[in-house]
*Asks:* 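This is the structure I want to talk about, given as C-alpha cells.
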Amino acid sequence: MSQSKPGYSDTPVLPGSKYKVHDSERPQPRIVAPGTESGQAAPGRPPSDAVVLFDGTSLAGWVRLDGSPAGWKVENGCMEVVAKTGDIKTKAEFGDCQLHVEWTPPTAITGESQGRGNSGVFMMGIYEIQVLDCYNNPTYADGTTGALYGQSPPLVNACRKPGEWQTYDIVWVGPKFDGDRLVSPAFATVFLNGVLLHHAKALIGPTTHRKIEAYRPHKPVGPLMLQDHGNPVRFRNIWYRPITDYDQG
Ligand code: MG
C-alpha cells in the first residue's frame, strides 16, 4: 500500500495501459446509481447515467423511417404498434452500447409461428434481435424470441407468458469498417428476462428474411428501430448507456 491511496507504485505497467498493476493513481470507477428491478406492473427506473429513448409519455423522439411522425400509440406508459403504420426509429443515433428494452406481446393470442406477437429490435436500424411470443409457439429456430434473426437462434427460450412484460438487456458492439473493408463484425450479447441468449455472438451481416446479406459499410452510429410486423406489441422503458473505455470515462 502507498501512503494515502490504496494500491501500489512499484508494480509493472499493464500492457496497453499507462497504469501499473494495482496502480494507486488509477482513477476510481465512476459511480452510477443502479436502476430498479422491473416489476410486472410498472417499469423499473433506469440507471442514473442512461440516455432515455422512451419514458412512457411521448413518441417525440421517434419517427417513421421517412422522417414523418411515428404512427404508434402511447397509452398507460407504453407505446404500442399500430399495424400498418410502419416501423419507427429514434431520432437519436448511437453506437456501441448497453440497451434496455421492455416489451410484451398481446395478451389475446392470435396467429402462430412468426405471426404471433412479432416485432423486432433493430440495432443501428439494420440488425434485428427478434421480438416474438414464443411461449408455447414453435417457430424456426433462428426466428425464435431473441434470435439474431435468420442467423443465430438464442441459446435458450426464456419467454414469459403473453401479457407479461419481458426484458431485453443487450450489449451491442457495432461492426467496424475501414473504408469499404469490414474490419470487425458486429457482436451482440443478449439477455432476455435476465437469462443469457447470446454471448458476444458475431453477426454475419445485416439480418434479413430468407437470405444472407453481406455487410455494407455504414456510420459507427445509427438509430434504434422497432418493427411493425402487424401485431400490437407494446414497449416501455427503453434506454441505453454508451460503452466508453474505462480510462476515458
Ligand atoms: Mg420481427
Side-chain angles (χ1 to χ4, degrees), residues 53-54 59 62-66 70-73 78-90 99-172 174 186 188-193 195 197-198 201 203-213 222-238 240:
L53 297 170
F54 177 66
L59 287 176
W62 298 74
V63 290
R64 286 182 169 96
L65 303 193
D66 66 3
W72 299 12
K73 67 181 177 186
C78 324
M79 63 163 87
E80 180 177 319
V81 176
V82 175
K84 310 277 192 242
T85 61
D87 304 334
I88 64 172
K89 65 176 182 176
T90 57
L99 176 72
H100 178 94
V101 178
E102 298 177 25
W103 58 275
T104 183
T107 308
I109 294 172
T110 57
E112 58 180 11
S113 186
Q114 294 289 304
R116 183 182 300 179
N118 194 335
S119 183
V121 171
F122 282 71
M123 307 305 298
M124 312 185 100
I126 297 171
Y127 308 97
E128 182 179 15
I129 295 164
Q130 174 70 309
V131 168
L132 194 73
D133 174 12
C134 274
Y135 188 85
N136 291 333
N137 179 34
T139 187
Y140 46 83
D142 66 18
T144 304
T145 313
L148 309 179
Y149 183 75
Q151 299 183 15
S152 296
L155 293 172
V156 296
N157 177 345
C159 279
R160 291 184 170 131
K161 294 176 185 170
E164 295 187 4
W165 283 92
Q166 323 234 17
T167 300
Y168 273 151
D169 288 289
I170 297 164
V171 180
W172 177 257
T189 296
V190 179
F191 292 85
L192 171 61
N193 302 324
V195 178
L197 303 190
H198 300 284
K201 191 72 181 172
L203 283 86
I204 60 177
T207 56
T208 184
H209 186 53
R210 301 183 59 180
K211 287 187 295 191
I212 293 173
E213 284 195 11
L224 177 68
M225 189 180 98
L226 300 177
Q227 185 182 43
D228 169 12
H229 203 282
N231 301 137
V233 176
R234 288 177 290 156
F235 292 88
R236 70 181 185 189
N237 198 23
I238 305 174
Y240 76 93

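Numbering of residues begins at 1 and proceeds along the displayed sequence. We count ligands from 1, going down the list as the structure has it; atoms in each ligand are counted the same way.
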*Asks:* Contact between Y168 and L197 at the side-chain level, heavy atoms closer than 4.5 Å - yes or no?
*Replies:*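 Yes. Closest side-chain heavy atoms under 4.5 Å.
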
*Asks:* Any cation-pi pair here, R236 with W165, using under 6.0 Å and within 45°?
*Replies:*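 Ring-cation test returns yes.
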
*Asks:* T145 vs V131, test: side chain to side chain contact (heavy atoms under 4.5 Å, CB included). Steps then yes/no.
*Replies:* CA-CA 5 Å; T145 313; V131 168; over 6 Å; no

*Asks:* Where the side chain of Q151 meets the backbone of D142, is there a donor-acceptor pair that is under 3.5 Å apart?
*Replies:*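 Not at all, since once roles are kept as given, no pair shorter than 3.5 Å links the two residues.
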
*Asks:* The Mg ion (ligand 1) and Y149: any N/O/S contact shorter than 2.8 Å?
*Replies:*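 No N, O or S atom of Y149 is closer than 2.8 Å to the Mg ion (ligand 1), so no.
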
*Asks:* Is Q114 close enough to the Mg ion (ligand 1) that one of its N, O or S atoms comes in under 2.8 Å?
*Replies:*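 Checking Q114: none of its N, O or S atoms is under 2.8 Å.
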
*Asks:* As a test of reading the structure, name the N/O/S atom of E128 that is nearest the Mg ion (ligand 1).
*Replies:*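 Answer by atom name: OE2.
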
*Asks:* How wide is the angle at the Mg ion (ligand 1) spanned by Q227 OE1 and S119 O, rounded to 10 degrees?
*Replies:*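 Result: 80°, to 10°.
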
